[in-house]
Amino acid sequence: MTVSGPTVSEMLAEARRRFTEAGIADPQTDARLLISGLLKLSPTEMLTAGRQSVSGEQAGSIGRAIERRLKHEPVHRILGEREFYGLPLLLSAGTLEPRPDTEILVDTIIPYLRDLAKTESNVHILDVGTGTGAICLALLNECPEASGIGSDISIDALETARSNAERNGLQDRFTTIRSNWLENIRGTFHAIVSNPPYIASKTIHDLAPEVTKFDPAAALDGGSDGLDAYKAIAKDAARFVRPNGVVGLEIGYDQRNDVTAIFEAEGFKCLKSVRDYGQNDRVLVFSPA
Ligand code: GLN
């Protein structure tokens, strides 16, 4: 007698049930993403794969992945990758998982780069604290005339960013540099972009365990008031941004006034403030005044 393994539907139902029992916020979505990711099935293939059996090996890896999710590891960390602005990106221990809100920074900066590309021969971008490379790589992918540097203090992050550049065919226009904020940076840029750590140290423990246990602390912790990274970037940014360039930043929901004041004190002017999908202030754009 041949014993066939469980079907995709049965595995989905099992994952959904266990996630629901554990109080995971969106059990249905997580079950589907996890299983489709592990089985390498597209969303459309998932719709028709319900009655297919999975192998014993696949059932084992799904089982282990369910256990990891129950310990609060986010789905995309378990899968080791996620999509950002249409690009598949590897994640690693030293990189923040890119969030959909950060795509708003990319959306906001693209028009400036396209405008600059009309008159400038090499539009040059610096992504400070690049992590997976998400922001810079998305901008390079959208602006074929641009080149960029991703800086980070984490060697692990720089390796991941380089792999992501290669994976997306952007390695010829992307380089990395190890730097604490702008300390080791040379040259000038049309756009300096960053999603720096901006959570006040004392409030980090209020975040979901998915974040506190799995995103690197160095990518979250913005010091006592959450503003350390903005102060460090603002202090030096004027030396590195071109006169016609911009500085584009992701910010915490309550940091618009503080970050604006920090950059104004260094001679910048706020050009634009953009809200996220939850109607929170999320992105600021500055220009040299
Ligand atoms: N947006 C992230 C969060 O709240 C924080 C990222 C950051 O500090 N840059 O989970």
Side-chain angles (χ1 to χ4, degrees), residues 1-103 106-107 131-134 137-138 141-142 156-157 159-171 207-216 277-278:
M1 190 178 86
T2 46
V3 184
S4 59
T7 64
V8 173
S9 293
E10 285 164 348
M11 298 279 351
L12 269 172
E14 157 89 356
R16 199 168 52 230
R17 180 184 61 75
R18 296 189 63 196
F19 293 163
T20 306
E21 281 170 10
I24 301 273
D26 194 348
Q28 167 87 15
T29 305
D30 279 11
R32 194 173 37 77
L33 286 175
L34 198 57
I35 291 174
S36 62
L38 290 167
L39 298 178
K40 305 216 181 308
L41 295 174
S42 69
T44 328
E45 287 166 337
M46 271 305 269
L47 292 174
T48 55
R51 283 156 69 183
Q52 286 172 23
S53 310
V54 301
S55 68
E57 200 184 319
Q58 287 170 327
S61 72
I62 293 170
R64 286 188 295 279
I66 291 172
E67 296 300 331
R68 286 170 70 177
R69 183 70 194 96
L70 291 173
K71 293 192 181 112
H72 297 287
E73 187 165 352
V75 166
H76 294 290
R77 287 251 172 232
I78 299 168
L79 297 174
E81 63 175 63
R82 80 164 290 160
E83 209 173 88
F84 178 84
Y85 222 91
L87 301 180
L89 298 179
L90 298 168
L91 308 175
S92 60
T95 61
L96 185 85
E97 181 180 331
R99 321 279 206 251
D101 280 339
T102 306
E103 295 182 334
V106 176
D107 279 333
T132 57
L137 295 175
N141 195 48
E142 296 297 320
D156 170 87
E159 281 169 6
T160 304
R162 276 195 299 273
S163 304
N164 283 328
E166 266 167 46
R167 182 161 185 192
N168 289 288
L170 296 165
Q171 69 278 4
L207 301 174
E210 276 72 3
V211 178
T212 55
K213 287 172 77 176
F214 295 98
D215 279 314
Y277 303 113

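In what follows, residues are counted from 1 in the order of the sequence shown.
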Give me the one residue out of Asn164, Thr132, Thr160 that meets side chain to side chain donor-acceptor pair (under 3.5 Å) with Ser92.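 Among Asn164, Thr132, Thr160, the one meeting side chain to side chain donor-acceptor pair (under 3.5 Å) with Ser92 is Thr160.
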Kindly indicate whether the side chain of [X], heavy atoms from C-beta on, has any atom under 4.5 Å from the side chain of [Y].
| X | Y | answer |
| --- | --- | --- |
| Thr102 | Tyr85 | no |
| Leu38 | Gln58 | no |
| Leu90 | Thr95 | no |
| Val211 | Pro74 | no |

Between [X] and [Y], what is the shortest heavy-atom contact and its length?
| X | Y | value |
| --- | --- | --- |
| Leu12 | Met46 | CD1-CE, 3.8 Å |
| Ala161 | Gly131 | CB-O, 3.5 Å |
| Arg167 | Leu89 | NH1-C, 4.4 Å |
| Gly94 | Ala157 | O-CB, 3.7 Å |
| Leu79 | Leu33 | CD1-O, 3.8 Å |
| Gln28 | Arg16 | OE1-CD, 2.8 Å |

Roughly how far, to the nearest 0.5 Å, is [atom2] of [Y] from [atom1] of [X]?
| X | Y | atom1 | atom2 | value |
| --- | --- | --- | --- | --- |
| Thr29 | Leu34 | OG1 | CG | 12.0 Å |
| Leu87 | Asn168 | CG | CG | 4.5 Å |
| Met11 | Ile62 | CE | CD1 | 4.5 Å |
| Leu91 | His76 | CG | NE2 | 8.5 Å |
| Asp30 | Glu210 | CG | CD | 8.0 Å |

Using the salt bridge (charged side-chain N to carboxylate O under 4.0 Å, His left out) rule, pick out the option among Arg68, Arg64, Lys213 that qualifies with Glu73.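 The salt bridge (charged side-chain N to carboxylate O under 4.0 Å, His left out) with Glu73 is passed solely by Arg68 among Arg68, Arg64, Lys213.
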With no hydrogens and no angle check, is any side-chain donor or acceptor of [X] less than 3.5 Å from a backbone partner on [Y]?
| X | Y | value |
| --- | --- | --- |
| Ser9 | Gly50 | yes |
| Arg77 | Phe214 | yes |
| Glu166 | Gln171 | no |

Is it true that Arg17 and Glu14 make a salt bridge, defined as a side-chain N closer than 4.0 Å to a carboxylate O?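 Yes, Arg17 and Glu14 are salt-bridged.
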Does a side-chain N-to-carboxylate-O contact under 4.0 Å join Glu67 and Lys71?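 A salt bridge is absent here (no side-chain N lies under 4.0 Å from a carboxylate O).
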Step-by-step side chain to side chain contact (heavy atoms under 4.5 Å, CB included) determination, Asp215 to Arg99: CA-CA 11 Å; Asp215 279 314; Arg99 321 279 206 251; 2.9 Å; yes
CD of Glu57: more than 12 outside heavy atoms within 6.0 angstrom?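 Open.
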